[in-house]
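Values in this document were obtained by computation on a predicted structure and should not be read as measured data.
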Amino acid sequence: MSNMRGVQTSVINIRRRVYAEIARLSYSYNGNLHEMYQQMEKIPYDIVPGEVSNYREDVFLERAILKERMRLAMGLPLRTAAEMSAVSQGAEEAAKPEKYYQPPLINIIKFACHSCPDNEVRVTDSCQGCLARPCKEVCPKKAISVRDKRSSIDQSACIKCGKCIDVCPYGAIQRLVRPCANACGMDAIGSDEYGRADIDQSKCVSCGMCLANCPFGAIADKAQIFQLIQAIKSDVPVYAALAPAVTGQFGPDMPTNKIRSAFKALGFEDAIEVAIGADLCTITEANDFIEEVPEKLPFMATSCCPAWSVMAKKLFPEQAKCISMALTPMVLTGRLIKKEHPECKVCFIGPCSAKKLEASRRSIRSDVDFVLTFEEVMGMFEAKEIDFKELPEVEVMHGASGDGRGFAIGGGVANAVVNYIKEVYPEKEEIKVASAQGLKECRKLLMAAKAGKYNGYLLEGMACPAGCISGSGAIQPINKSKATNLAQQKRATNAHANTNRYQDLLASLEEKDLAAPSENEK
């Protein structure tokens, strides 16, 4: 996994500028499509002015890439370099507030791709041309020769075994792996006929790790910024459902006691913390675990991370029944909001790309109308020129437990379930737990579970390293997010203090409201 996460790079700056411009376009849109088309054509020139590009070979390529980023940010389909059309082509579709995400969600802008080496072993300039030449001696295919007193690798003969890397005394031989492919835990990224990265959509679970780790900004997901703002401008109240990872995401000038006023300044009716839904999920998963493990199921795996859940059901269909049927906190919160406000719309806001895929399922569309990431919403704050320092302090969110807010961090879901079981089922023996973060590690976890290593266990999987706080749409560095989230947990109540309250909330939801949807829905 790349170590550039948390670094304010030019790729991030461009991405956020695009989000801000699309938000600005949507706030100013008054139904005049011709005027919107003109503004869209102007945006790339506002972001990259002049005749010289600061990032690519030329300014024309930079603007062409920006145009595709704009289209994806409006939920419109990607185009190839071979297509001749205006950036505004089909933009009238984006003006429909009811428009859902159309697959594919994660897209590669092919002419922005650097065609990075894909698993190639290379000799670097650090080679000293040593006398011993251990790299040459250990190569099983005789792919290494010495030219001009330096080692050279015949790529056609190299089998990438890495033996030369291990024995080089100077560390002068490196394995180059395409960053997006290295970050993909589903092995979904290969190469097209031109050597550019290509996504096998049948394998992709929309975790977004590829787009977060591409150093050329060639990968982007679709957004609903334009559609959400159109809904906010309508007469229908729109509620923001904020993921537990929200704490500290918008910087030190927006502490938790300013979050609700900040989202109201964007036009939302109010902001509700999804940690309440997390507490409901805790109760459901805890009860399911007590009832089913080990009598009915060898183990139970949590359901909260959609990318983990879809991965498990794609690659381990025989273990699919062991994935909890509990609804995710996002869906439970959406259903609670709409039960209290039947005519409203709900926008889930969090760090996750996969939540966009989850919300697009037929059985969930009526519960969650929009999904935006923290990064995308930050574009809305910039478009509205909201000064966080000037926002009034209000009541802090809606009183979820510390355990519910801890869902944002790897291990937090399982910890909440265990704490609840200890409180409600004190006679139960200690619950054995195993967890993994990152889909590669999650696959190893399920492989071991399939072999019987984790019988009787509660398993937690998170697609993103460190959990939701490192999602592709997060803003703050991972360590900083973890620290602020842990501090927020300590300020909240313990799970058991709200047990009766949450049982009442669960009782208010009818049986059909608690029925889990299928990941196979389109």
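The shortest side-chain heavy-atom distance between S353 and L211 falls under the 4.5 Å cut-off. Side-chain contact between I173 and I153 is present, with heavy atoms from C-beta onward closer than 4.5 Å. Between S85 and R79 the shortest side-chain heavy-atom distance falls below 4.5 Å. Using a 4.5 Å cut-off on side-chain heavy atoms (C-beta onward), C164 and C139 make no contact. Proximity of Y19 to E375: side-chain heavy atoms (C-beta onward) are separated by under 4.5 Å at one or more points. Looking at heavy atoms from C-beta onward, C468 lies out of side-chain contact with C352 at the 4.5 angstrom threshold. By the 4.5 Å heavy-atom criterion applied to side chains, I232 and M380 are counted as neighbours. Side chains of L228 and E376 form no contact here, defined as non-hydrogen atoms less than 4.5 Å apart.
Here the shortest heavy-atom pairing between G471 and C464 reads CA-SG, 3.7 Å. Between F216 and A112, the shortest heavy-atom distance links the atoms CB-O, 3.9 Å. Here the closest non-hydrogen pair linking L357 and S206 is CD2-OG, 3.8 Å. The two residues A86 and E41 make their nearest non-hydrogen contact at CB-OE2, 3.2 Å. Closest of all the heavy-atom pairs between F374 and A474 is CD1-CA, 4.3 Å. In plain terms, the two heavy atoms of A265 and L391 that are nearest each other are CB-CD2, 4.3 Å.
In this structure, the separation between CE on M40 and CZ on F226 is 8.0 Å, given to the nearest 0.5 Å. With rounding to the nearest 0.5 angstrom, the CG atom of L25 is 11.5 Å from the NZ atom of K42. Note: Y27 OH to I225 CD1 = 10.5 Å, rounded to the nearest 0.5 Å. Rounding to the nearest 0.5 angstrom, the gap separating the CD atom in E83 from the CD atom in E68 is 8.0 Å.
Applying the salt bridge (charged side-chain N to carboxylate O under 4.0 Å, His left out) rule to pairs touching residues 216-236 yields D221-K356, sequence neighbours excluded.
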Using side chain to side chain contact (heavy atoms under 4.5 Å, CB included), reason through S481 and Q249 one step at a time and then give a plain yes or no. CA-CA 7 Å; S481 294; Q249 279 294 320; 3.1 Å; yes
Stepwise, does the side chain to side chain contact (heavy atoms under 4.5 Å, CB included) test hold for E62 with I47? CA-CA 10 Å; E62 189 61 55; I47 297 178; over 6 Å; no
Before giving the answer on side chain to side chain contact (heavy atoms under 4.5 Å, CB included), spell out for T328 and K355 the whole-Å C-alpha distance, their side-chain angles and the decisive distance to 0.1 Å. CA-CA 10 Å; T328 65; K355 285 294 182 183; 3.6 Å; yes
Mind running salt bridge (charged side-chain N to carboxylate O under 4.0 Å, His left out) on K142 and D154 for me, showing each step along the way? CA-CA 9 Å; K142 307 302 179 185; D154 179 355; over 6 Å; no
Report the C-alpha separation of I349 and F268 in whole Å, then their side-chain angles, then the decisive distance to 0.1 Å, and conclude whether the side chain to side chain contact (heavy atoms under 4.5 Å, CB included) test is met. CA-CA 12 Å; I349 297 167; F268 286 98; 4.0 Å; yes
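Put simply, the residue from V274, V346, V368 that forms a side-chain contact (heavy atoms from CB on, under 4.5 Å) with T333 is V274.
A salt bridge does not link K338 to D367: none of the charged nitrogens lies less than 4.0 Å from a carboxylate oxygen. The pair R150-D125 meets the salt-bridge criterion, with a side-chain N (NZ, NE, NH1 or NH2) lying under 4.0 Å from an Asp/Glu carboxylate O. Ion pair R443/D187 flagged as a salt bridge, since at least one NZ, NE, NH1 or NH2 atom sits closer than 4.0 Å to an Asp/Glu carboxylate oxygen.
The cationic atom of K258 (NZ for Lys, CZ for Arg) does not lie both less than 6.0 Å from the six-membered ring centre of F388 and within 45° of the ring axis.
Under the 3.5 Å distance criterion, the side-chain polar atoms of R365 are matched with a main-chain donor or acceptor of S360. Side-chain atoms of Q155 come within 3.5 Å of backbone N or O of V121 as a donor-acceptor pair.
Other residues, nucleotides and ligands place no more than 12 heavy atoms under 6.0 Å from the CG atom of N479. More than 12 heavy atoms of other residues, nucleotides or ligands lie within 6.0 Å of CD in Q8, so this atom counts as buried by the packing criterion. Within 6.0 Å of the CD atom in E385, the count of heavy atoms belonging to other residues, nucleotides or ligands does not exceed 12.
Judged by distance alone, the side chains of R405 and T247 never bring a donor and an acceptor atom under 3.5 Å apart.
For F381 and F263, the gap between ring centers is short of 6.0 Å.
For D200, there are no salt bridge (charged side-chain N to carboxylate O under 4.0 Å, His left out) partners two or more places apart in sequence or in a different chain.
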